[in-house]
Structures are given as C-alpha cells and as structure tokens.
Amino acid sequence: QVQLVESGGGLVQAGDSLRLSCVASGRTLSNYYMGWFRQAPGKEREFVAAINWGGSYTYYADSVKGRFTISRDNAKNTVHLQMNSLKPEDTAIYSCASDVSIVRIRMGPSYWGPGTQVTVSS
C-alpha cells in the first residue's frame, strides 16, 4: 500500500508562486509515475502534470504549460509541483497521485493523497 501526503498549499495573489510537495511512504515507488490533479469548486477533477520514474518524461495540461514544473526526488520519495505566474483560475484542491503508467495516471490512478488547498486571489 502507498500513502501520499501533500503540503505547500496556501493563499497567494495572482502572479505569485507556490511549490507543492508530495511525500510517498509505505512502499518503494520504483518505476511508478507520479502526477498532480486538481479540483476546483463545482468542477470535475482534472489532470495537471505527471512525471516518470527517472524524470525524463513529463506531461502537462495545456492550461499550465510554461507556468508549472513537475519534478521528483526518488531518494526522498518526493514529487514537487512548482507553480509560477498563478492565476485565480488555478484555485483548487491539488492532489498527488501515483500509478505504474501515464495511461493509468490519466485514467484513474490507484493511489491518491488527501489534497492541499491552493487559493489565488485577484
């Protein structure tokens, strides 16, 4: 079993930056993809970004390309989401997720964290 715990959310102004972190425990995540999703009030959860085990492949939603960067530190079982130039429409609960492939990540990951709130004021 894998446990994922996010941190780093908060209240910021438009144009500011935030760095989210997700720490995994319970088992090694060797060969696992890690991803971030978000859900805004009244909206469906949407894919934000994902990264493969080695960090050589990254995937982003069009809405965050060029502003968000996903990275991982396998020695610390941690994945980060650096969010720059934040906009009010980025306001959501951000959740970390993990599974064995990018297809599984996009279709519905096996492992989820509880989420962290990000609020961007205009």
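The first residue in the sequence is number 1, and the count goes up from there. Only heavy atoms go into these numbers, but all of them, side chains included; no hydrogens, no water, no symmetry mates. Model, not experiment: these values are computed from the prediction.
- Using a 4.5 Å cut-off on side-chain heavy atoms (C-beta onward), Gln3 and Tyr111 make no contact.
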Listing, residues 44-55 side-chain donor-acceptor contacts under 3.5 Å, not counting sequence neighbours, or none:
{"from": "Glu46", "atom 1": "OE2", "to": "Arg38", "atom 2": "NE", "distance (Å)": "2.6"}
{"from": "Glu46", "atom 1": "OE2", "to": "Arg38", "atom 2": "NH2", "distance (Å)": "3.1"}
{"from": "Asn52", "atom 1": "OD1", "to": "Gly55", "atom 2": "N", "distance (Å)": "3.0"}
{"from": "Asn52", "atom 1": "OD1", "to": "Ser56", "atom 2": "N", "distance (Å)": "2.9"}
{"from": "Asn52", "atom 1": "OD1", "to": "Tyr57", "atom 2": "N", "distance (Å)": "2.9"}
{"from": "Asn52", "atom 1": "ND2", "to": "Ser56", "atom 2": "OG", "distance (Å)": "3.1"}

message = side chain to side chain contact (heavy atoms under 4.5 Å, CB included), that's the test. Do Val118 and Val120 meet it? Break it down for me.
response = CA-CA 7 Å; Val118 172; Val120 185; 4.2 Å; yes
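- Annotation: the span from Leu81 atom CG to Thr116 atom OG1 amounts to 11.0 Å, rounded to 0.5 Å.
- Note that the NZ atom of Lys87 and the OG atom of Ser85 stand 8.0 Å from one another [nearest 0.5 Å].
- Within the structure, disulfide (SG to SG under 2.5 Å) contacts touching residues 42-81 (residues at least two apart or in different chains) do not occur.
- Residues Trp36 and Cys96 have side chains in contact (heavy-atom distance under 4.5 Å, counting atoms from C-beta outward).
- Taking CD of Gln82 as the start and OG of Ser21 as the end, the distance is 9.5 Å to the nearest 0.5 Å.
- Nearest heavy-atom pair, Ala24 versus Leu4, reported as atom, atom and distance to 0.1 Å: CB-CD2, 3.5 Å.
- Partners of Pro114 under the side chain to side chain contact (heavy atoms under 4.5 Å, CB included) rule, at least two apart in sequence or in another chain, are Glu6.
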Can you give the donor-acceptor pairs under 3.5 Å from side chains of residues 97-107 to other protein atoms, not counting sequence neighbours?
{"from": "Ser98", "atom 1": "OG", "to": "Tyr33", "atom 2": "O", "distance (Å)": "3.1"}
{"from": "Asp99", "atom 1": "OD2", "to": "Ser110", "atom 2": "N", "distance (Å)": "2.8"}
{"from": "Asp99", "atom 1": "OD2", "to": "Ser110", "atom 2": "OG", "distance (Å)": "2.7"}
{"from": "Ser101", "atom 1": "OG", "to": "Arg104", "atom 2": "N", "distance (Å)": "3.1"}
{"from": "Arg104", "atom 1": "NH2", "to": "Ser110", "atom 2": "OG", "distance (Å)": "3.4"}

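- Distance check: Met34 CE to Ser71 OG gives 11.0 Å after rounding to the nearest 0.5 Å.
- Across all their heavy atoms, Lys76 and Val23 have their closest contact at O-CG1, 4.4 Å.
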TODO: Test Val12 against Met83 for side chain to side chain contact (heavy atoms under 4.5 Å, CB included), laying out the working first.
DONE: CA-CA 11 Å; Val12 297; Met83 306 186 295; over 6 Å; no
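- Every residue meeting the side-chain hydrogen bond (donor to acceptor under 3.5 Å, both in side chains) condition with Gln117, not counting sequence neighbours, appears here in chain and number order: Thr119.
- A distance of 11.0 Å separates OH of Tyr59 from CD1 of Ile70, quoted to the nearest 0.5 Å.
- The structure places CZ of Phe68 at 7.5 Å from OG of Ser63, a figure rounded to the nearest 0.5 Å.
- Lys65 meets the side-chain hydrogen bond (donor to acceptor under 3.5 Å, both in side chains) test with Asp62; sequence neighbours excluded.
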